[in-house]
**Q** 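So that we are looking at the same thing, I have put the structure below in structure tokens.
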Amino acid sequence: MRAADLLQFNLRLLLRQRFRTLMSLLAMAVGVAAVLLLTGLGEGARQFVLNEFSLLGNDVLIMLPGRKETTGGIPPLTGEGTRDITLDDVQALGQLPSVRRIAPLIVGNAQTHVGGRSRELLTLGTSALFFDLRDLGVRQGRMLPDIPLDRAASVCVLGAGARQELFAQQPALGQWLRIGDRRFRVIGILDDRGESLGMDMRNTILIPVASAQQIFNTRGMFRVFVQHQPGSSLERARQDILALMQERHGGEKDVTLITQDALLGAFDDVLRLLTLGVAAIAAISLLVAGILIMNITLISVSQRTREIGLLKALGASANTVRILFISEALQLALLGSLLGAITGYSLLALGHWFFPLLPFVVSSWALGAAWAIAILTATLFAWLPASRAAAMAPVLALHGQAR
Amino acid sequence: MRLLDSTRLVSRALLTARLRSFLTILGIAVGIAAVSLLTTIGAGLQLYVLENFSQFGSRIIAVNPGKTQTSGIGALLSSTRPLSVEDAQSLRPLPFVELVVPVVQGSGAIEFGRRVRHTDIIGGNGEMAAAWRFEVAQGRFLPVISGNSQPFAVLGSKVKQELFGEASALGRFIRVGGERYRVIGVMAAKGQMLGFDLDDIVYIPIDRALALFNRSGLMEIDITYRAGTSAQQMAERIRQRLIQRHTVEDFTITTQDEMLSSLDRILGLLTVAIGALGGISLLVGAIGIVTIMVTTVQERTAEIGLLRALGATRRQILLLFLGEALLLAIAGGLFGLLLMSVLLGVLAIAVPSLPISLSPFYLLLALALAALVGLLAGVSPAWRAASLNPVDALQQE
Amino acid sequence: MIRLQALCKAYALGDETVTALDEVSLDIGAGEYLSVMGPSGSGKSTLLNMIGLLDTPDTGRYQLCGHDMTILNEEGRAAERNRRIGFVFQAYHLIDRLSARENIELPLVLAGMAPAERRPLVDEVIERLGLLDRAGHLPRQLSGGQRQRVAIARAVIRKPALLLADEPTGNLDSHSGAEVIKLLEELNSQGITLLVVTHDPAIGQRAGRRLRMEDGRVTEDSGAVNTPRETGYARR
């Protein structure tokens, strides 16, 4: 039998059993749509997180004080070491040939006052290079001035949210505000950006690092961001930094260096696994759809016993009969998967439209997997009924007896 | 028609189409197994995590500096108004207060002779072990004192092992961040909590830790309180006292109660969500029942006509087919639970550490769910059967 | 053209064994017109199924057009059925979701013939059997006589050497039955070998060669009368 004839023969059949066909299509479509939707969401979440974190750039190392022996565990995130990372350390590191840019960071919560208003805001003490490193832009005014690290200056840059909180509708640029007991002039407003690296940049105030040291009465850095020279390798920069810090800290290895890859690797793995797990749960429904297709093929075989007998009398071989039934199931599965794929992706697109933050991800592997599973289940589950039909004795089948 | 008779009619019909019924049941069974397995594992994990957290006891309140809790790192940050040891002391006179523990955490090198280990250092006071319900294996914990402390250190079991091996550590001198400390105790092994090794820690007095890390403020104050007051009331008293001292509320209070219940809520929600994912399979199984029931009604049209001709009422026909769908679904539910218990058994053997809690409530719920699915899926085909015209139905072949 | 040698066939019916064919030997020449009569259970349908390769004998030999059929497997028999044998059934056995034309076309479709090749063949048969105005109808829109006519068209579409009819008039009124028999005889006169199983003596008497069966044996054989003519059908 030719493929085109087979297709037409089956279509006739499926159209005739409209309700049954519709339900099998629905079952298949629900399964495929669920798999695609969930993997799409999972992949979207993964990419969202990765994008958010990779703003740091592949060539940036984060240094924090303190070190722990246990590898693989949580790094000493508290940022309290027995020996501070000082501004001198930062300056020395900046001289390393393998280091391109370096930005210190002191973070604290500080009470900020403007006129009668008072808010507690996340205050970041850092340098001009921080803006380049973190890819931060200003909407209004300018960034922090490029002054020596150890020089305090009474200027600050506000996040968009912080600006709104403190000044509401009033103009902010050029105004004075008070952080702790010191006065700062607003010289810039940050671009509107969401959360990144666990810090909501919208609600922050950026001031020169030396000013932050005074406000918080601290010497040591909370974090140091280091971008390595494009010519040298990341590992090389890492070695250089560690060696220099050890030398400066009297032979003690007491800092921890984190690369973005190491940080994201764990995240990536977990999210990937989660996506896979959720997709697998959804794929169970494809198994159930497969069982339904088997059942329907079985019913089709029993209802069409006489037809099978006739086809055999007309010279259809056992193989032809088997192909007839399997292709029928396959057609159902393919049509259902197509329907499911369209539904799944439409829902994802809709979700993207409603929540633009969530990237619209068409993961080709999920699509491929869903189709493969659909086709495989249909073939597998139709095999038994189809073989039953193929093995029927023509004489008995003609009289409507299965055996 | 008597119940027994109709049951016999229905089961005879299902048995005649044995393979068909089996496959329909299997479809529902897979769905029910998926839902119940996932919720069971979810509930088990929920219990496990809660137990992990409640090992600190439930009558404990934490105060962290900073009002804006930025993704949980607020406590680590510098602040213009740090929480001080004096703040902690000021809470002691409050009614019902039992223990007050100031906490600061960092990391540094611990040296003994030529051996060095970089590890977590926690600054606390003499009440910390009791408040956190940590047990001392050898020696004693930090002494309860007022005023300047002595350079005493207590080692986590892993640190002790790494630095001293089998030898006794008590009374020995170690260096923490370059300063000399005398080891006065070793903690009992505690294991990990959420990836954090509780045995790889050295405990030193709070004032020394603050000096060591060159910090002015605490990261946390933990307060335990006696029974007889509610978490809210206790939190309120602490809030009032601290506002008195700071004039503004520049700190965050978390009660263990609150944290446990919100954790419980989140995990419960997660369990339901995962169960709902499994429910997709159940939906597909329901589609299966509808399909098969409609086909059955089609095939048995003549039989329905005959039954009507013999005097069966519409209601009886409706109940007959509804009963058939219900029976399929409940059989599917039972089979699904069986499938689940087999899978759980395999899982329990493969991953012995997996916390599994079988609750009869969930099992009954799964069965009820299956029955509901059967009813919903059976209504339309049964209605179709009941509304057949007996004359037309009889003529159908 | 057909040579049966000592064909035996027994069926298990419950606990009993029923002998359907008991050492039947028979020679049928090309272009012959045979009728097979006999009471129910005498083995006539079994004989027909055996000749039509729908069933296989327990013992004995069967040669068709000089080829041994007993050595064929099911796939081989299916191919032979498609090529050399046409069936006409009492119950027509038309597929009710396919139009008359599509039903007629079915053997060609199963043989894997291309649509362009099929079209002239189907057109020719439809015209020859006077079904031009019925070709697009579904079986349920046709009368019994027309349905059997479609079935006959389907049986001869591949120009088989042998046409087997099992009670072809069983479901028809006498007028339609007579027309169907006329059509079959017309086809026979064009050279196709025709074998009709029937209860109706009026129809059985019309055949050139009449067989009577009882208890699985051929008890009467009027013998071959008409000499085979070399026609388009017989040569195949």
Side-chain angles (χ1 to χ4, degrees), chain A residues 19-20 23-24 26-27 30-31 34 38 66-70 73-74 76-84 106-111 118 120-122 179-180 195 198-200 203 212 215-220 222 252-254 278 281-282 284-285 287-289 291-292 294-296 298-299 303, chain B residues 19-20 23-24 26-28 30-31 34 38 65-68 70-74 76-81 104-109 117-121 162 176-178 195-197 200 212-216 219 248 250 274 277-278 280-285 287-288 290-292 294-295 299:
Chain A
F19 182 77
R20 214 188 275 169
M23 289 318 243
S24 331
L26 187 65
V30 166
L38 290 172
R67 186 164 76 90
K68 262 165 74 178
E69 210 82 24
T70 344
I74 307 169
L77 291 176
T78 59
E80 292 298 344
T82 48
R83 196 195 289 258
D84 289 334
I106 291 176
V107 184
N109 281 312
Q111 208 66 31
S118 169
E120 194 182 69
L121 291 170
L122 198 63
I179 305 173
E195 186 152 326
M199 270 184 249
D200 191 352
N203 287 315
I215 289 179
F216 297 122
N217 185 26
T218 172
R219 223 163 62 88
F222 182 64
E252 282 287 338
K253 289 184 191 171
D254 59 1
V278 167
I281 294 172
I284 299 172
S285 60
L287 176 74
V288 180
I291 295 173
L292 176 61
M294 178 173 181
N295 216 346
I296 282 180
L298 212 62
I299 291 173
Q303 286 183 345
Chain B
L19 191 53
R20 187 188 296 188
L23 287 175
T24 314
L26 190 64
I28 288 290
V30 170
L38 289 170
K67 190 62 205 169
T68 41
T70 35
S71 312
I73 60 167
L76 313 180
L77 308 176
S78 314
S79 178
T80 47
R81 293 165 189 272
V104 67
Q105 186 186 356
S107 60
R117 182 161 183 82
H118 289 264
T119 182
D120 282 314
I121 301 168
E162 290 293 330
V176 177
F196 191 80
D197 192 344
D200 204 2
L212 188 64
F213 299 135
N214 191 19
R215 251 187 95 104
S216 49
M219 287 180 184
V248 286
D250 55 358
I274 288 184
L277 286 188
I280 298 171
S281 316
L282 203 56
L283 175 72
V284 176
I287 294 175
V290 176
T291 316
I292 298 310
V294 166
T295 306
E299 283 183 346

**Q** Which atoms of Leu282(B) are under 4.5 Å from chain A, going by heavy atoms: the side chain, the backbone, both sets, or neither?
**A**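 It is neither, since no heavy atom gets under 4.5 Å.
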**Q** Contact part of Glu299(B) toward chain A, heavy-atom cut-off under 4.5 Å: side chain, backbone, both or neither?
**A**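 The answer is the side chain of Glu299(B).
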**Q** Is the shortest heavy-atom distance from the side chain of Val290(B) to the side chain of Phe19(A) under 4.5 Å?
**A**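 SC-SC contact between Val290(B) and Phe19(A) confirmed.
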**Q** Does Asn295(A) use its side chain to pair, donor to acceptor, with the backbone of Leu23(B) at less than 3.5 Å?
**A**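 No, the answer is negative, given that no donor and acceptor are paired below the 3.5 Å cut-off.
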**Q** Could you look at Leu287(A) and say if it's the side chain, the backbone, both or neither that has a heavy atom under 4.5 Å from chain B?
**A**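 Leu287(A) touches chain B through side-chain heavy atoms alone.
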**Q** Between atom CG of Leu298(A) and atom OG1 of Thr295(B), what is the distance when rounded to the nearest 0.5 Å?
**A**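 So the gap between those two atoms works out to 11.5 Å.
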**Q** Under a 4.5 Å heavy-atom cutoff, which of Val30(B), Val294(B), Ile287(B) has the most pairs with chain A?
**A**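 The residue among Val30(B), Val294(B), Ile287(B) with the greatest pair count is Ile287(B).
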**Q** At their closest point, which heavy atom of Ser107(B) faces which heavy atom of Gly66(A), and how far apart are they?
**A**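 Between these two residues, the closest heavy atoms are OG-CA, 3.1 Å.
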**Q** From Arg20(B) CZ over to Ile296(A) CD1, what is the distance, rounded to the nearest 0.5 angstrom?
**A**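 That separation rounds to 10.0 Å.
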**Q** Which value, rounded to the nearest 0.5 Å, describes the distance between Ile274(B) atom CD1 and Ile281(A) atom CD1?
**A**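 One gets 5.5 Å once the value is rounded to the nearest 0.5 Å.
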**Q** Taking all atoms of both residues into account, what is the closest heavy-atom pair of Ser281(B) and Ser285(A), and its distance?
**A**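 Scanning both residues, the minimum pair turns out to be OG-N, 3.3 Å.
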**Q** Would a 4.5 Å heavy-atom cut-off, applied to side chains only, mark Ile292(B) and Ile299(A) as touching?
**A**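 Side-chain contact under 4.5 Å: yes.
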**Q** Checking heavy atoms, do the side chain of Ile121(B), its backbone, both or neither come under 4.5 Å from chain A?
**A**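 Side chain only.
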**Q** What's the shortest heavy-atom distance between Gly288(B) and Leu292(A), and which atoms?
**A**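 Scanning both residues completely, I find the closest heavy atoms to be CA-CD1, 3.3 Å.
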**Q** Could you tell me which non-hydrogen atom of Val284(B) sits nearest to which non-hydrogen atom of Ala289(A), and how far apart they are?
**A**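 Taking Val284(B) first and Ala289(A) second, the nearest heavy atoms are CG1-N, 3.5 Å.
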